[in-house]
Amino acid sequence: MIILFGVFIRYDEESDTHWVETKAHDNITSDIENDFYFRYPSFQDVHVMIFVGFGFLMTFLKRYSFGAVGFNFLIASFGLQWALLMQGWFHSLDPQTGKIFIGVESLINADFCVAGCLIAYGAVLGKVSPVQLLVMTLFGVTLFAVEEYIILNLLHARDAGGSMVIHTFGGYYGLAISRVLYRPNLHQSKRMQGSVYHSDTFAMIGTLFLWMFWPSFNSAITDHGDGQHRAVINTYLCLASTVLTTVAISSLSQKTGKLDMVRIITMSDDLSNSTLAGGVALGTAAEFMISPYGALIVGFFCGIISTMGYIFISPFLEKTLKIQDTCGIHNLHAMPGVIGGIVGAITAAAASESVYGKQGLINTFDFTGDFKDRTVLTQGGYQAAGMCVSIVFGVVGGAIVGSILKLPIWGDPADENCFDDEVYWESSGGKHFCFSF
Amino acid sequence: MIILFGVFIRYDEESDTHWVETKAHDNITSDIENDFYFRYPSFQDVHVMIFVGFGFLMTFLKRYSFGAVGFNFLIASFGLQWALLMQGWFHSLDPQTGKIFIGVESLINADFCVAGCLIAYGAVLGKVSPVQLLVMTLFGVTLFAVEEYIILNLLHARDAGGSMVIHTFGGYYGLAISRVLYRPNLHQSKRMQGSVYHSDTFAMIGTLFLWMFWPSFNSAITDHGDGQHRAVINTYLCLASTVLTTVAISSLSQKTGKLDMVRIITMSDDLSNSTLAGGVALGTAAEFMISPYGALIVGFFCGIISTMGYIFISPFLEKTLKIQDTCGIHNLHAMPGVIGGIVGAITAAAASESVYGKQGLINTFDFTGDFKDRTVLTQGGYQAAGMCVSIVFGVVGGAIVGSILKLPIWGDPADENCFDDEVYWESSGGKHFCFSF
Amino acid sequence: MIILFGVFIRYDEESDTHWVETKAHDNITSDIENDFYFRYPSFQDVHVMIFVGFGFLMTFLKRYSFGAVGFNFLIASFGLQWALLMQGWFHSLDPQTGKIFIGVESLINADFCVAGCLIAYGAVLGKVSPVQLLVMTLFGVTLFAVEEYIILNLLHARDAGGSMVIHTFGGYYGLAISRVLYRPNLHQSKRMQGSVYHSDTFAMIGTLFLWMFWPSFNSAITDHGDGQHRAVINTYLCLASTVLTTVAISSLSQKTGKLDMVRIITMSDDLSNSTLAGGVALGTAAEFMISPYGALIVGFFCGIISTMGYIFISPFLEKTLKIQDTCGIHNLHAMPGVIGGIVGAITAAAASESVYGKQGLINTFDFTGDFKDRTVLTQGGYQAAGMCVSIVFGVVGGAIVGSILKLPIWGDPADENCFDDEVYWESSGGKHFCFSF
């Protein structure tokens, strides 16, 4: 890794000491116009989502907190280095010098790429070894970079919040791997699959940090100025709407009228977190002029579909399709991601100069260079094509990587040891804990 | 909600794709001058305070973590949508188009409005049903918008951090409701009212995130530039001073010399969090030239009064006035809010051109338009009037809403089931937990 | 404190209402060029590191969560007020008016100063009384300000992330105090020294917030523009690299192949957190053109040395040198701090105009005024000299302060009561808790 970085990676012009000259040359009058000040607060929010959000979201299992947070930490740290290289080669390799120039936007993109792999981790949580996770991440990042290159550069689809590129791909990649690694005797570790009161409270920390910072996620790499501003407003509204819908549906679906904790705030057993689905579903369209009530509508439907997914689709997946989805990523990422792709395609196709303004339309869809003459309808088509590319990459890529991971050389835990920190972690307090709970 | 948003809510000009034209028209040279970059980092901090800060601050009860964080999440998500509408109608309805134009500042204001309702929730924590909370929030937001309109627009009082508008109103609103809903037999759920070691540690997370981000709260909507800068410095100093005073008073008041956890860091039993009182008390005056030592003095007195409140006033409220204040919001919000209003009135009346500068005085108090000729003394009077308005709205509004909530149709928990997650939440780990603790 | 603030502390020009005139005078066209917008997001991240990061990092002990977070809160709040005064007197006392003018950068520096004292707290965690902590902080901040003045102003060394000024000084200061306060019978509180499952999970919160926000720490006071941008990239890469190395070394060092929780994610017993060492070691060089692969190399070596430190050096320190280092700050701060100082010296000495550009070199090392003619080689020498100053101040200062703390007037806990919250905190849930764990 060090050698590859030595050969390829350099600072970009805004993070290089020569910027003082570049700046004068470009007539930039103030240091504040460095891209750093546009992106850094969003970057830190995304960073919190990756490490605290995803990590703690998966702590709901009663005896797998270390595995959730710790392995999340490990694969994210590995993945982001590899992502800087892979994304660099595919997106920003300078043809003249053969170097990759990185800045704060590259760091955000690397975090995004890692997010795809962490989503996939959610499907196999507690059932794989750290080495398997590293292999999964290695291939996951590579597939991600290729898929992203096809969708964003070749098809020129827009996907600022990554509904397609991150969530759909990551979701199906993880589900396909989980299918290949199907364990018929997983019930042997049933005693470890529940949650306890405090593990659910820890999971709330993850949920809330993801929920709060999702507007930053969807706006982190959108256009400066009104683009970032609009993406934040849309995501904020959509998420608020999803929460209400989820609670309503969840209460209706129960005879007792109690709120089901697992479906609202935390994940527990095989259920996950519908409140976040709105953020996923608005990933593609967040920067578009979807209008505030449009964002509410997306959130409304997404809350319904995701909650229904936990009640009807997850059991179906497990029993019929033999996909064991520990964190319910199908309901939280894969399905909302597909919805997001569709919403994005429709919104793009329905864009008009009267709503966006002439220059606004060009800015939003980046109709410049080779794509100068593209119409919004064509753009909608390419968005839909991007959607399909991400599904195909997820399913096929996951099936292949799953087959590699099925080889009996990776030290995966036995069926009865799944979901148990004891296998991979040494903890002084473990024994006492066992007595207490 | 979707329909109302469809009819009324639109993007403001800085979050609209037409900004590219507006910008050129207004001679703005750089995207960084979009209001987004002035406000967004503060907005995210406030957002964390609302969802993690307020939520976890209330997790101190041993068996009510889900209720604290979960209902907080629910009413905040509902409240902010309703607040965008209500505040829009009262503050920013465009008379020509009949539309409300929203941007990042609207989102911050909606979060502020929700804060008022969450404060009120603190007084009735564990004693009401989710439906009662939604009703309380619906009326709370409405009252808030009216009261805010009277104080900020009609009286033209300044209240950037909301000592009066948010804390005083929210505090008395909650206390009045709690008075009307008085439960003489609450001791029947005594076994649920304590805290346990880990629930106190979770509450610390809430306390710390509120404490740390309070400078962002008080500066989020102050004037660009020096206004935000000054509000941060003042709040930071005031909070640091409050911590020391609280610890000192708390140690003095105990014969054993031990620190009482509940009065310093977390809330436990019927005690709450004096360390935060400084931030509340500086809400109004944060943007004024109160000077660094002025901020320390406010923090000093506030620490004394709030800590004394827990020792002497809370038992008095409960026994004599029959106000059962679960989280001690009288000491954390209502009383410090009133102090804040008084400090604001005095500081405003004492302002002078020699300290502020001619233009600085006009900027700080916004002496423009209809208020061009107002003197600082008059301003001080209007600040005090604003203070009274917020108390009246809180007490009267709370009494009325409390009467509505007393109707036996809302499914509130029985006395012996208060403070217990089991009533409204299904949790797989619950049973095991009960044995352990 | 209030009197001292009244006499000395004033708003600086960018947080004063007169800024409206200053701005016009300096030809600043936009409010966004106020230093507030350059520094505030980083400040808030640093603030979270100080209060949540350091606080929760020390919660690993099974019965000392309140002590860790609560005393951390107390001494940080006290320290930052004192630091504003001390740093003001030494660094920014205006000779004409005799006043100290503070802005957001002063707040960051005060937080940095406090960080040094919190590091020292890590060495004596659980073994001292709150009064001892306050005395330790009082002298610690004073020594810090003098040492910082010598290193940054007199020697004109660069140390943006404080490898030398903060971590080396803080580390050796704490270790020296711990040596003087050596308790031969500490094994009497052995039952309290372990961690439990949930206390380790709380410690993860601390670790992650420190890890995530470390790029903000190292970039908070570097040069506007490319300086902050570069410091973030370097720290981000270095930390990611450290995580991988730590996990690899940790796995190799164990026959069972299990990951040892304590050495990776949380601190437990006498072990601490190697994953953070990379951030410490890049403190000095973060703003230099160390290049991305250079950052990876630093992280790589730092991970090795820090992990080895836990295995070999910590037991040696305890047995032979009689230094009881509760949190292992020697491995997390002192040693990586020294490495950081050395890396900084070498990188500075190796700087060249071809890499930095003529103006870039001057900006980065601030070769202006009295230091106009300094060469990079001389600069390297002064960096190394700064390193030595910080070690000397830490060791000698710590020895003296330790002797003061040894006086039997401070109410320190008996050997058998160490690491136990019961001594200083009253907690309603304590008794129940004792039964459970």
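The chains referred to below are lettered A, B, ... by the order of the sequence lines, with proteins before strands, and numbering in each begins at 1.
- For the pair B/Ile205/A/Ile205, a side-chain contact is recorded, criterion being any heavy-atom separation below 4.5 Å from C-beta on.
- Using a 4.5 Å cut-off between heavy atoms, A/Phe202 touches chain B through backbone and side chain atoms alike.
- Interface remark: A/Leu239 contributes no atoms to any contact with chain B (heavy atom separation under 4.5 Å).
- Scanning all heavy atoms of the two residues, the minimum distance from B/Asn34 to A/Gly225 falls at ND2-C, 3.3 Å.
- When side chains are defined from C-beta on, B/Ile3 does not count as touching A/Tyr293, because their heavy atoms never get closer than 4.5 Å.
- Side-chain atoms of A/Ser216 and B/Gln44 include a donor-acceptor pair closer than 3.5 Å.
- Contact record, A/Arg230 with B/Ser15: NH1-O, 3.0 Å, taken as the closest heavy-atom pair.
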Exercise for the section: Check step by step if side chain to side chain contact (heavy atoms under 4.5 Å, CB included) holds for B/Gln81 and A/Ser241. Expected result: CA-CA 8 Å; B/Gln81 296 179 49; A/Ser241 160; 4.3 Å; yes

Practice task
Quick one: do A/Phe38 and B/Tyr37 satisfy ring pair (Phe, Tyr, Trp, His ring centres under 6.0 Å)? Show the steps, please.
Solution key: CA-CA 7 Å; A/Phe38 288 92; B/Tyr37 301 102; 4.9 Å; yes

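- Proximity to chain B involves both the backbone and the side chain of A/Gln228, based on heavy atoms less than 4.5 angstrom apart.
- Contact annotation for A/Ile290: both backbone and side-chain heavy atoms come within less than 4.5 Å of a heavy atom of chain B.
- Between atom CD1 of residue B/Ile102 and atom OH of residue A/Tyr236 there is a gap of 8.5 Å, rounded to the nearest 0.5 Å.
- Neither the backbone nor the side chain of A/Thr242 comes within contact range of chain B; no heavy atom of the residue lies under 4.5 Å from a heavy atom of that chain.
- Annotation for B/Leu74 and A/Val243: closest pair CA-CG1, 4.4 Å, computed over non-hydrogen atoms.
- The salt bridge (Lys or Arg N to Asp or Glu O under 4.0 Å) contacts involving residues 240-251 of chain A comprise nothing, where partners must be two or more places apart or lie in separate chains.
- For the 3.5 Å distance criterion, the side chains of A/Ser219 and B/Tyr40 fail to qualify, holding no donor opposite an acceptor.
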